[in-house]
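First up is the structure itself, then whatever we jot down about it.
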2 protein chains.
Amino acid sequence: MRVTMADVAREAGVSKTTVSRVINTRSEVDRATAARVRAIIGRLGYVPSSGAVGLARGTSRTLGMLVPSLTWSWIAEVLQGVVDTVEARGYGLLLYTCNRGAESARRFTEQVSARAFDGLLVVEPENTLDTIGALHREGLPVVLIDDRGRHPAFPSVVTTNHEGAASAARHLRAAGRTRPLVITGPGHFPCVQDRLRGFTEVLPEHHVAPGDFGEESGSRAVRRALAAGTVFDAVFAHNDLTAAGALRALRAAGRSVPEDVAVIGFDDLPMARHTEPPLTTVRQPAGLLGETAARMLLDHLAGAPAPDGPVVLPTELVVRRSAP
Amino acid sequence: MRVTMADVAREAGVSKTTVSRVINTRSEVDRATAARVRAIIGRLGYVPSSGAVGLARGTSRTLGMLVPSLTWSWIAEVLQGVVDTVEARGYGLLLYTCNRGAESARRFTEQVSARAFDGLLVVEPENTLDTIGALHREGLPVVLIDDRGRHPAFPSVVTTNHEGAASAARHLRAAGRTRPLVITGPGHFPCVQDRLRGFTEVLPEHHVAPGDFGEESGSRAVRRALAAGTVFDAVFAHNDLTAAGALRALRAAGRSVPEDVAVIGFDDLPMARHTEPPLTTVRQPAGLLGETAARMLLDHLAGAPAPDGPVVLPTELVVRRSAP
DNA sequence: CTGAAAGCGCTTACAG
DNA sequence: CTGAAAGCGCTTACAG
């Protein structure tokens with residue numbers, strides 16, 4: 001039913017070997033023969049079975065990608081960058097999430113053992129870092145995207161958490177803000193520590209309120225600071241969601257942004273342009289992160305040596321009305 | 001190097017056939033033999049090569065999914081639903097976008113011919129509908145997600161555009177709004193026509209302003225209506241982005257929401273809760289759309305007959321402060 | 001420049 | 001209950 005290499009060979013009066021050579025454009029084929037075979041391939045609409053090619057060659061020309069929840073919008077942007085790059089190189093992309101905990105993890109490692117893909121891209125491995133490390137040690141090419149500052153022993157693409165936070169601090173200082181409130185993410189994330197250090201180096205004097213990257217934690221931090229009589233003329237939140245919560249609480253308390261309090265977030269999610277006022281934020285180059293990681297992995301599969309240190313992509317301060 | 005079925009067979013002193021039977025839990029195997037083989041499989045950490053199994057069986061246990069840009073956030077939600085369902089059934093998911101036009105399309109149809117996946121999920125086929133139709137006719141199982149109201153000749157999962165718009169209209173009418181301004185999406189989309197009809201049946205009297213699903217088109221429509229002296233006490237925008245634009249223009253013009261003008265959107269993107277005021281909107285069940293489509297396709301591959309009509313999933317009016 | 005044959009790692013009648 | 005053999009659709013030494 002489906003057209004196979006044997007059909008092409010028979011029709012062209014040559015061996016499968018020759019057809020294979022034509023397809024893979026090996027130079028040893030007679031020009032006339034090649035042309036004839038190519039014509040038949042076109043007429044029959046023959047396309048090699050990817051499965052069979054993979055089995056014979058021992059590679060699948062497919063990459064795997066493991067992500068936490070897809071509903072975090074910056075991950076969708078990373079994914080877009082990956083898909084673009086992978087498609088352009090003629091590879092396929094197999095997508096996995098670790099949504100359902102242990103069950104997903106088990107299934108996922110099975111896929112690895114089943115050689116379903118040649119290399120793996122991992123975003124923000126939370127609990128899976130050990131598993132990934134083991135797979136990497138067993139020979140699976142892996143590139144990490146945003147290691148959350150953990151810098152483990154394999155290739156990764158990261159962003160400048162330290163410098164990004166510093167740029168936010170410089171922006172506030174230049175605007176004459178002297179009493180910032182910093183609402184952090186979960187304290188055990190290395191990226192959170194990096195952001196805190198980067199900010200502190202520029203503006204050593206500030207209040208710190210613990211947050212959890214959720215929106216409510218931003219509101220809560222602001223409410224508490226106001227209730228405690230803390231004086232602040234700026235908020236630097238460790239992500240956009242938290243910043244949105246801060247905006248909400250400030251409005252509820254009758255503080256105007258940016259007149260009374262300037263607010264800066266981190267990430268530049270799509271929602272950042274839709275808050276009121278639109279949010280000034282430290283943009284993570286999500287799409288570029290994905291592209292770069294995919295390119296690194298593909299290059300490595302093509303024989304290039306793996307880079308030793310993490311590849312660092314710069315953040316960019318996006319100025320909107322919440323902190324002009 | 002990698003453990004193969006032959007290794008297991010040799011170690012267990014049985015034939016590959018028997019190992020295969022144990023793996024696929026055929027009943028004809030002696031209990032003791034099966035136990036021994038299983039022990040060896042465990043000890044060796046053997047996992048069947050998915051490529052080889054696929055070649056031998058003629059199926060890949062993989063689904064393909066073709067989406068337009070991933071950066072539209074509701075698509076990420078659809079994708080999440082698909083991935084969850086597909087993973088739970090032990091299938092893989094191969095992701096493709098049609099970002100780069102003709103080039104992507106060509107590569108994509110090659111993948112189809114290469115039998116890289118057993119069935120295909122397609123989101124909102126814009127220009128690719130003809131191609132998809134051809135593939136479907138040639139025997140590829142396909143399920144459409146959100147056909148934008150075109151209802152072509154194959155299985156699809158859609159949402160209630162007509163009823164969703166009607167529910168928005170009823171909500172406005174119940175709140176005593178009598179002069180709505182409707183900002184539409186691109187007029188050639190059947191879903192836009194459905195939304196317009198659904199709204200009209202409840203509130204026949206209204207102004208219509210053409211939009212294009214972009215944010216700016218919402219702002220522009222409001223500015224023009226105000227400039228023209230059009231009197232309106234409500235806005236129904238055909239998507240959330242347009243509604244956000246409308247909110248912005250209303251604020252700039254000094255109209256308060258919802259006091260002067262109530263605003264309702266469509267989609268319930270994550271940003272809808274972050275506008276000021278938070279947006280009342282007609283929620284599309286994106287995650288459920290993905291789950292349902294994946295389940296339909298998987299069931300069909302398992303032998304179930306394809307449903308004849310489109311499967312319709314209800315929208316839900318989410319009331320927030322922009323139209324209480 | 002070309003082909004016969006073995007091999008990739010499985011599954012599946014078929015025979016016993 | 002079990003195994004030898006053919007087959008899935010390719011690639012790749014090897015020989016000519």
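Summarising the base pairing, C:dA15 is matched to D:dT2 through a Watson-Crick or G-U wobble pair whose two defining distances lie under 3.5 Å.
Among the nucleotides C:dA4, D:dA4, C:dT11, the one closest to any side-chain atom of B:S15 is D:dA4. In the set D:dG3, D:dG9, D:dT11, the nucleotide with an atom closest to the side chain of B:T18 is D:dG3. For B:V53, the listed nucleotide lying nearest its side chain is C:dT11; candidates were D:dT11, C:dT11, D:dG9. Residue A:N24 has its side chain nearest to D:dT11 when only C:dC10, D:dG9, D:dT11 are considered. Of the candidate nucleotides C:dC10, D:dT2, C:dC1, D:dT2 has the atom nearest to the side chain of B:D30. Considering only side-chain atoms of A:P48, the nucleotide from C:dG9, D:dC10, C:dT2 that sits closest is D:dC10. Of the candidates D:dT2, C:dG3, C:dG9, the closest approach to any side-chain atom of A:V14 belongs to C:dG3.
B:S20 contributes no side-chain N or O that, together with a main-chain N or O of B:K16, makes up a donor-acceptor pair within less than 3.5 Å. A donor-acceptor pair is defined here as one N or O able to donate and one able to accept, closer than 3.5 Å; no such pair exists between the side chain of A:T33 and the backbone of A:R31.
Listed pair A:S49 / D:dC10 fails the phosphate criterion, with no side-chain N or O lying under 4.0 Å from OP1 or OP2.
Between the P atom of C:dG9 and the OH atom of B:Y46 lies a distance of 10 Å, rounded to the nearest Å. For the pair B:R10 CZ and D:dA4 P, the computed distance is 14 Å after rounding to whole Å. In this entry the distance linking CD1 of A:I41 with P of D:dC10 reads 10 Å, nearest Å. A straight line from CE of A:M5 to C1' of C:dG3 spans 14 Å, rounded to a whole angstrom. Atom-to-atom, CG of B:L55 to P of C:dG9 comes out at 12 Å; the value is rounded to the nearest Å. Atom NZ of A:K16 and atom P of C:dA5 are 12 Å apart (whole Å). Atom pair A:I23:CD1 and D:dC10:P shows a separation of 7 Å (rounding to whole Å applied). The CZ-P distance, from B:R36 to D:dC1, rounds to 15 Å in whole Å.
Using a cutoff of 4.0 Å between basic side-chain nitrogens and carboxylate oxygens, A:R89 and A:D299 are scored as salt-bridged.
In terms of position on DNA chain D, the residue among A:V19 and B:R21 whose nearest nucleotide sits closer to the 5' end is B:R21. Of the two residues near DNA chain D, B:T17 and A:A56, the one whose nearest nucleotide lies more 5' is B:T17.
When every heavy atom of A:L297 is checked against every heavy atom of A:G119, the shortest pair comes out as CD2-C, 3.7 Å.
B:Y96 and B:Q111 are linked by a side-chain donor-acceptor pair at a separation below 3.5 angstrom, with hydrogens and angles left out of the test.
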